[in-house]
Amino acid sequence: MAEVIFDHVTRIYPGNDKPSVDDLNLDIKDGEFLVLVGPSGCGKSTTLRMLAGLEEVNKGRILIGGKDVTTMQPKDRDIAMVFQNYALYPHMTVADNMGFALKIAGTPKDEIRKRVEKAAEILDLTEFLDRKPKALSGGQRQRVAMGRAIVREPKVFLMDEPLSNLDAKLRVQTRTQIAALQRQLGVTTLYVTHDQTEALTMGDRIAVIKLGILQQVGAPTELYDRPANVFVAGFIGSPSMNINVHPVVNGHARIGEDTIELPKEAVDKLTPEDNGEIVVGFRPEDASLAAPDDENAFSLKVVNVEDLGSDGYIYGNIIKDDADRTLDSSSLMSDQNKLTTIRVNPRVLPQIGDIVKIKINPAKMHLFAPSTELRLN
Ligand SMILES: Nc1ncnc2c1ncn2[C@@H]1O[C@H](COP(=O)(O)OP(=O)(O)OP(=O)(O)O)[C@@H](O)[C@H]1O
Ligand SMILES: [Mg+2]
């Protein structure tokens, strides 16, 4: 068993006044593939490096397989890391690169050969074992770096953005391979990325972190369907969720010049700190074009449309008053990140400049309190 436990773990770098990782509680189950995701600088690498023993823990404990490793030397922790910059030794063959750590550790030669051959088979590298790294493609080199970790047969794999050196297409291929490989080997894995797509597609569970503080942990669909706060709602999913603050009037959210019904139990949870407002979020695929006289819909001035063949996207501005109706679309374009995105059937795309009615699927509405940014429904 190699369950990993972070128990109230905090890291404050010398000279910093704020922790880079703040009171982290996280439990990675035996054999689980856990993806740690968050924006640049949020503390992902710090978390991973503390587990590896490369960074000091200032408060709390780290356990691997029930054993407290908080102050243990990296070499005694039985973990293997794959980094973003997996420099291979250029003068060594693929086989020697993969077996190098075992050689240093004094493992017998035929045992090394056996493990390297087995790893090469899993990684589809058998025919390249006698080549030098320079005669490999980027994806093959990345697999050699994986091989170096696999041959050590560790209790835990740690991977820090191992795909960021690969081009977009190769990343997609390789992430599928890594996820499949991890399932085959069943080694507990902590995988770090800032790419939410990688997190959604690879992990058994995802842990989202922001400014050193864990926001939510759960299966990919849990995070997608029920984000616990505004940050997770906006971070997970592409294109990202539409999120706006709206006044609450008689149990309805006022969106521009229209109002839409809100579930009572969510409205009841609002407090005076929320100042009569609510945060409404909905994903582009959870809204649709509505009839012009639909009561429970809001008006959107179309600023841009995209036809991707399989999907169509409308980008628009919520109409707040009559002035919005007459503004030409070029002036509306300026505020790109405020645009509302709606996925529609590409065969019924409106024209740029049109005003359309949009209806949100009520079961797929995400509601948050403005004051705490926490989920209400
Ligand atoms: N040695 C250090 N000394 C002081 N501050 C540090 C040190 N290393 C990291 N930090 C700070 O700690 C915070 C977290 O850094 P960390 O490298 O863990 O982020 P990250 O999530 O891995 O980011 P990225 O996605 O850019 O790799 C950052 O604000 C960073 O500036
Ligand atoms: Mg990092």
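Remember, it's a predicted structure, so these values are computed and weren't measured experimentally. Order of listing sets the numbers, starting from 1, for every ligand and every atom in it.
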What protein heavy atom lies closest to [atom]? Include the residue and the distance to one decimal.
{"atom": "atom 23 (O) of ligand 1", "value": "Gly41 N, 2.7 Å"}
{"atom": "atom 26 (O) of ligand 1", "value": "Ser40 OG, 2.5 Å"}
{"atom": "atom 6 (C) of ligand 1", "value": "Tyr13 CD1, 3.2 Å"}
{"atom": "atom 12 (O) of ligand 1", "value": "Ser20 OG, 2.7 Å"}
{"atom": "atom 25 (O) of ligand 1", "value": "Lys44 NZ, 2.7 Å"}
{"atom": "atom 5 (N) of ligand 1", "value": "Asn16 ND2, 3.1 Å"}

Item to check | Exercise: identify the closest heavy-atom pair between Ala369 and Leu270 | outcome: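 Heavy atoms of Ala369 and Leu270 come nearest at CA-CD2, 4.2 Å.
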Checklist entry - Are the side chains of Ile64 and Asp78 in touch, meaning some heavy atoms are under 4.5 Å apart? => result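 SC-SC contact between Ile64 and Asp78 ruled out.
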Checklist entry - Quick one: does Leu129's side chain get under 4.5 Å of Arg113's, heavy atoms only? => result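 Heavy-atom side-chain distance check passes, below 4.5 Å.
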Next on the checklist: Taking the six-membered ring of Tyr224 as reference, does the cationic atom of Arg283 (NZ for Lys, CZ for Arg) lie under 6.0 Å from its centre and within 45° of its axis?
Outcome noted: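 The answer is yes; both the distance and angle limits are met.
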Next on the checklist: Under 3.5 Å, is there a donor on one side chain and an acceptor on the other for Gln142 and Thr174?
Outcome noted: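 The criterion, which ignores hydrogens and geometry beyond distance, is not satisfied for Thr174 and Gln142.
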Checklist entry - Can a donor-acceptor pair be found between the side chains of Asn229 and Gln215 at a distance below 3.5 Å? => result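 Per modelled atom types, Asn229 and Gln215 side chains form a pair under 3.5 Å.
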Next on the checklist: With nothing but distance in play, are any N or O atoms of Pro14 less than 3.5 Å from an N or O of ligand 1?
Outcome noted: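 Among all N and O atoms of Pro14, none is under 3.5 Å from an N or O of ligand 1.
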Item to check | Nitrogen or oxygen atoms of His194 and ligand 1 under 3.5 Å apart | outcome: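 No.
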Between [X] (side chain only) and [Y] (backbone N and O only), is there a donor and an acceptor less than 3.5 Å apart?
{"X": "Gln216", "Y": "Arg226", "result": "yes"}
{"X": "Asn97", "Y": "Tyr89", "result": "yes"}
{"X": "Arg141", "Y": "Leu136", "result": "yes"}

Next on the checklist: Could you go through Asp293 and Lys357, starting from their C-alpha distance and side-chain angles, then the distance that decides it, and tell me whether this counts as salt bridge (charged side-chain N to carboxylate O under 4.0 Å, His left out)?
Outcome noted: CA-CA 8 Å; Asp293 58 350; Lys357 279 276 182 177; over 6 Å; no
Checklist entry - Within the structure, does at least one protein heavy atom fall under 4.0 Å of atom 30 (C) of ligand 1? => result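 Given the 4.0 Å limit, the answer for atom 30 (C) of ligand 1 is no, no protein heavy atom qualifies.
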Next on the checklist: Please tell me if atom 19 (O) of ligand 1 is touched by the protein, where touching means a protein heavy-atom distance below 4.0 Å.
Outcome noted: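 Yes.
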Checklist entry - Hey, which atoms in ligand 1 end up nearer than 4.0 Å to a heavy atom of Ser45? => result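 Close to Ser45: 17 (O), 18 (O), 20 (P), 22 (O), 27 (O).
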Checklist entry - Which atoms of ligand 1 sit under 4.0 Å from any heavy atom of Thr46? => result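 Selected atoms, number and element: 14 (C), 15 (O), 16 (P), 18 (O).
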Next on the checklist: Applying a heavy-atom cut-off of 4.0 Å, say which part of Thr47 lies close to ligand 1: side chain, backbone, both or neither.
Outcome noted: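 For Thr47, no heavy atom sits under 4.0 Å from ligand 1.
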Next on the checklist: Taking 2.8 Å as the cut-off, does Thr46 contribute an N, O or S atom near the Mg ion (ligand 2), distance below it?
Outcome noted: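 Checking Thr46: none of its N, O or S atoms is under 2.8 Å.
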Checklist entry - Gly43 near ligand 1, heavy-atom distance under 4.0 Å? => result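 Gly43: in contact with ligand 1 (<4.0 Å).
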